[in-house]
Student: 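Take a look at this one; I'll ask things after.
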Amino acid sequence: MPGFPVPTNRLTLECIRGLILFMVKRDGAVTLRSGGLAKATGVSPDTIRHYEKIGVLPKASRTEAGYRLYPGSAVERVFVVQRGLRLGFTLAELAEVLKARGCRRDPMPAGI
């Protein structure tokens, strides 16, 4: 239509005060360090490490310097865990369910 901009397939990021995402592009995939994942999800880095330790997050890969790198899908996984906790599940129960379905890199379907 004349006068309207033609949509393009570009990603734009809206600036949100106080929100900083630390993302690293590795082999075409977006990854986050534990601190970046913590900021993106509103939990502490200790919580992220604990979630990994008990199995609600898949084991993170490491950089040469030893930093944990989580796939971008880990953001949704943390949100799933947080929703489960609000519904009354324990971390042990959530870990059991997530381990039973396998620690895939992709998040659980919406609504679960």
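We count residues from 1, following the sequence as given.
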Student: Less than 4.0 angstrom from a charged side-chain N to a carboxylate O is my criterion; do Arg77 and Glu52 meet it?
Tutor: no
Student: Out of curiosity, Leu91 CG to Leu85 CG, how far, rounded to the nearest 0.5 Å?
Tutor: 5.0 Å
Student: First locate atom OH of Tyr51, then atom OG1 of Thr41, and finally report the distance between them rounded to the nearest 0.5 Å.
Tutor: 8.0 Å
Student: If I take atom CG from residue Leu57 and atom CZ from residue Arg68, how far apart are they, to the nearest 0.5 angstrom?
Tutor: 10.5 Å
Student: Given side chain to side chain contact (heavy atoms under 4.5 Å, CB included), test Val80 with Val56 step by step and report yes or no.
Tutor: CA-CA 10 Å; Val80 166; Val56 295; over 6 Å; no
Student: Does the pair Ile48 and Tyr70 meet the rule for a side chain to side chain contact (heavy atoms under 4.5 Å, CB included), with working shown?
Tutor: CA-CA 10 Å; Ile48 297 298; Tyr70 294 94; 3.6 Å; yes
Student: Go through the steps to decide whether Leu69 and Arg33 satisfy the test side chain to side chain contact (heavy atoms under 4.5 Å, CB included), and finish with yes or no.
Tutor: CA-CA 5 Å; Leu69 288 178; Arg33 291 184 182 175; 3.9 Å; yes
Student: Thr47: which residues meet the side chain to side chain donor-acceptor pair (under 3.5 Å) condition with it, sequence neighbours left out?
Tutor: Ser44
Student: Looking at every heavy atom in both Val75 and Ala40, which two are closest together, and how far apart are they?
Tutor: CG2-CB, 4.3 Å
Student: What's the shortest heavy-atom distance between Ala38 and Pro45, and which atoms?
Tutor: CB-N, 3.5 Å
Student: How long is the gap from CD on Glu96 to OG1 on Thr90, to the nearest 0.5 Å?
Tutor: 8.5 Å
Student: Taking all atoms of both residues into account, what is the closest heavy-atom pair of Arg49 and Ser34, and its distance?
Tutor: NH1-OG, 4.1 Å
Student: If you group Ile, Leu, Val, Met, Phe, Trp and Tyr by side-chain heavy-atom gaps below 4.5 Å, do Leu37 and Tyr67 land in one group?
Tutor: no
